[in-house]
Structure formats: structure tokens, C-alpha cells
A.B. asks: 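What follows is a single structure, and I will ask about it in a moment.
Every number for a ligand or one of its atoms is a count from 1 in the order of the listing. What you are looking at is a predicted structure, and each value in this text was computed from that prediction instead of being measured.
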Amino acid sequence: MVRSDDLLEILADGKFHSGEQLGAQMGIGRSAVWKHVRALAQRGIEIHAVSGKGYRLAEPLELLDEGRLRRAMAPPTRRAIPVLEIHRQTASTNQWLLEKAVAGLESGHVCLAESQWAGRGRRGRAWHSPYGRNLYCSIAWRFMEAPASFSALGLAVGVGLVRAMRSLGLPGVQLKWPNDVRWQGRKLAGILVEISGESHGPCGAVIGVGINVHMPAAASAAIDQPWVDMAAALGSGVSRNEVCARVLDHLVAVLQVFQREGFAPFMEEWQVLDVLRGKAVVLEIAGRCVHGVSQGIDGQGALLIRHEEGTKRYMAGDVSLREAHDAPG
Ligand code: BTN
């Protein structure tokens with residue numbers, strides 16, 4: 001158990017708590033309380049210390065709550081999720097499920113975390129995961145027979161996230177191949193699909209979703225590309241439990257359709273949401289840059305780029321895409 005997280009949970013209400021009261025609740029002395037306050041500050045969590053009043057968070061936190069989440073989910077989602085675990089901290093929610101998958105995981109097993117210390121992004125990048133502010137969510141899904149368009153699973157998940165954002169009152173969210181969710185040119189969310197097993201026949205997928213909900217300002221320096229969070233895009237506060245419930249509703253619905261019908265039912269919607277279609281793009285692949293015009297995607301989710309020699313297809317994997325004059329994403 002991480003003591004500074006115990007402290008954070010008590011302070012989550014945003015009210016003042018005296019050092020004495022905190023010490024009594026945690027079974028430690030006041031100087032130990034102060035040590036944990038400093039540890040939190042080092043993690044970028046802003047705490048006000050006022051003599052005579054005690055400590056309080058600069059802004060209250062809404063922690064994830066299983067009961068609240070389950071009540072907020074649509075009944076079919078609730079039925080499709082046999083296990084929903086919430087960790088205060090873990091290395092990576094994807095990693096957690098992948099490790100468990102060895103012993104067999106039920107479809108719909110969800111792992112959420114308040115923070116990740118080794119959050120994973122695409123292509124070996126880190127996913128910055130500060131405590132209690134954003135959403136770090138992974139879901140395991142078993143496919144008895146992987147659809148022929150299995151490689152497009154992440155793209156279908158992107159459509160699900162856009163639908164979830166719309167249901168939360170946020171229009172104008174778009175997709176950037178392969179797995180970026182963007183709002184006004186800035187990254188709002190990312191998707192990381194990791195597979196265990198064969199891509200044909202029975203296999204398991206871990207679908208990880210990271211959504212910027214209310215990124216602390218102090219985190220900016222650690223992020224190397226333009227980003228936005230839901231609070232800024234909506235221009236108002238937003239409930240993390242509500243966001244999580246809607247995301248799971250749409251994610252489960254997409255996975256259920258995808259396992260029966262593959263990517264085809266999502267293809268048209270994806271093309272409409274495509275940020276890059278018809279634009280000049282630069283694709284980085286295996287250490288070289290390919291210049292051309294994006295022609296959208298094919299039924300397997302491959303990116304189509306028109307060059308002087310004709311149109312070529314590029315699969316997800318060790319490729320990254322750059323909009324001309326844009327940062328990698
Ligand atoms: C990207 O690079 O855009 C993908 C980011 C995916 C981040 C999520 S957060 C939950 C899950 N656990 C991880 O370690 N990564 C994914």
C-alpha cells in the first residue's frame with residue numbers, strides 16, 4: 001500500500017484536513033504526514049498548506065468508484081463486464097491484463113488505474129499518467145475466430161471513442177490514423193491494442209484507452225505533442241466516472257459488433273472522421289520518410305498513400321504518420 005495515496009484519498013474532497021487529524025486517520029505522526037505531502041508535491045500534485053487549517057488539494061479529485069461506474073453503465077455493458085478492477089497505481093493497465101491473460105481472462109475484464117508509472121503509448125512511447133485526473137482503461141476481449149479485418153480493431157475502437165465523446169456533449173472529435181483521437185488538431189486520447197495469441201483463430205486482445213480528462217497544468221512539460229483535455233474542450237468540468245461509463249458503453253458495443261462483423265460496419269464512419277484524408281502527409285517507416293497524399297484507409301485498416309508511382313498501402317506497426325509540419329503522434 002502506498003501511504004501517499006492514502007493521504008490523497010482523504011484529501012480528494014478538496015477540504016482542509018489538519019495534520020493531526022490526518023495523522024490519526026493514517027496511524028502515523030504529523031512529521032510523517034508532512035513527508036507524504038512532500039511526496040505528493042513531487043508527483044506534481046498541488047497541495048495548499050495553511051497554518052491553523054492544515055492541508056487541502058488545490059483542486060478536489062473525483063476518484064473512480066466501482067459502484068458508481070456500474071450504476072452509470074447501460075445494462076448490456078454491465079452484463080458484458082464480469083470483472084472491473086480499479087487500481088490506485090499500476091505500471092500499465094494493458095500490462096496488467098496481458099500478464100493475467102496467460103492464466104486466461106474472461107472477455108470484458110476491465111482494468112482501470114488512477115495512475116500508471118509505466119503507461120505505454122504506441123511505438124514504445126511513454127503515456128504520461130498523473131494520478132486521479134485522466135482515464136487509463138484497458139479491457140480484455142477474446143475472439144473465438146479473429147475476423148479477417150482484425151488488424152483494424154484499433155480503428156473501430158477509435159469510432160467507439162468518438163461516439164462516447166459525442167454522447168458526453170463533445171462534438172468535433174476526429175481520428176488520425178491509426179489510433180489518435182483528436183480535437184481541433186490536438187490529441188485528446190490514444191488507443192493501444194496489444195494481442196496475445198494468433199491473429200487467426202482464437203486470440204485475445206487487450207484494448208487500452210488513455211483519455212485526457214483533466215490534465216494538471218504541471219504535466220504539460222512532460223508531453224511532447226499538442227494535446228487537449230475534455231475539460232478544456234467542453235469548457236466545463238466533467239465527471240471521470242461518467243466519462244468512464246460512457247466510454248465502456250461504446251467500447252463494449254463496438255467490440256460486440258466487431259467480433260461478429262469485423263471492421264466493415266465502421267469503415268464509412270471512420271472515413272468521415274479521418275483528419276488526414278486528401279491531405280499531404282509524411283509517413284515515417286523503418287527510418288525513412290514517405291511523402292504523398294493520404295487516400296484514407298482500406299478494409300484492413302491500412303493507410304493508403306498516393307505517390308508519384310501510384311497508391312501504396314501501409315499497415316499499422318512500426319510506422320508513424322506525420323501531418324506536414326506537425327509533431328508525431
Ligand atoms: C498512444 O500512443 O496514443 C496510445 C496511448 C494508450 C494509453 C493507454 S492508458 C491505458 C492503457 N495502458 C497503457 O499502458 N496504455 C494504454
A.B. asks: Using the benzene-type ring in the case of Trp, are the ring centres of Phe150 and Phe143 under 6.0 Å apart?
C.D. replies: yes
A.B. asks: Return a yes/no value for Lys187: is any of its N or O atoms, backbone included, closer than 3.5 angstrom to an N or O of ligand 1?
C.D. replies: yes
A.B. asks: If we count only N and O atoms by modelled type, under 3.5 Å, do the side chains of Gln95 and Arg120 hold a donor and an acceptor together?
C.D. replies: yes
A.B. asks: Any chance the side chains of Gln259 and Trp141 put a donor and an acceptor closer than 3.5 Å?
C.D. replies: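 Result is yes, a qualifying pair exists.
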A.B. asks: When you look for heavy atoms under 4.0 Å from ligand 1, do you find them on the side chain of Ile191, its backbone, both, or neither?
C.D. replies: backbone
A.B. asks: Taking only heavy atoms of Cys137 into account, list the atoms of ligand 1 that are under 4.0 Å away from them.
C.D. replies: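 Close to Cys137: 10 (C).
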A.B. asks: Which one of Gln95, Lys176, Gln116 has a non-hydrogen atom at the shortest distance from atom 12 (N) of ligand 1?
C.D. replies: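 Heavy atom nearest to atom 12 (N) of ligand 1 belongs to Gln116.
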A.B. asks: Give the atom numbers and elements of ligand 1 that come within less than 4.0 Å of a heavy atom of Gly119.
C.D. replies: 14 (O)
A.B. asks: If the cut-off is 4.0 Å to any non-hydrogen atom of Gly121, which atoms of ligand 1 fall inside it?
C.D. replies: 1 (C), 2 (O), 4 (C), 5 (C)
A.B. asks: Quick one: which ligand 1 atoms are inside 4.0 Å of a heavy atom on Arg120?
C.D. replies: 5 (C), 6 (C), 7 (C), 13 (C), 14 (O), 15 (N), 16 (C)
A.B. asks: How is the hydrophobic cluster of Trp127 composed, in terms of its other members, when Ile, Leu, Val, Met, Phe, Trp and Tyr link through side-chain heavy atoms under 4.5 Å apart, directly or indirectly?
C.D. replies: Tyr136
A.B. asks: For Glu20, does the CD atom sit with more than 12 other heavy atoms under 6.0 Å from it, leaving out its own atoms?
C.D. replies: no
A.B. asks: Check the side chains of Gln116 and His87 for a donor-acceptor pair under 3.5 angstrom, ignoring hydrogens and angles.
C.D. replies: no
A.B. asks: Under 4.0 Å from any heavy atom of Gly210, which atoms of ligand 1 are there?
C.D. replies: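 Answer, ordered by atom number: 7 (C), 8 (C), 9 (S).
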A.B. asks: Quick check on contacts: which atoms of ligand 1 are under 4.0 angstrom from a heavy atom of Thr93?
C.D. replies: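 In order of number, 10 (C), 11 (C), 12 (N).
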A.B. asks: Could you give the distance from CG (Asn134) to NE2 (His128), rounded to the nearest 0.5 Å?
C.D. replies: 8.5 Å
A.B. asks: Only pairs under 3.5 Å count here: list side-chain donor-acceptor contacts from residues 299-307, not counting sequence neighbours, and write none if there are none.
C.D. replies:
unit_1: His307; atom_1: ND1; unit_2: His291; atom_2: O; d: 3.0
unit_1: His307; atom_1: NE2; unit_2: Tyr314; atom_2: OH; d: 2.9

A.B. asks: Would you check whether Arg122 has a nitrogen or oxygen atom less than 3.5 angstrom from a nitrogen or oxygen atom of ligand 1?
C.D. replies: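 By distance alone, the answer is yes.
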A.B. asks: Show the atoms of ligand 1 that are less than 4.0 angstrom away from any heavy atom in Ser92.
C.D. replies: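 Those of ligand 1 that fall under 4.0 Å from Ser92 are 12 (N), 13 (C), 14 (O).
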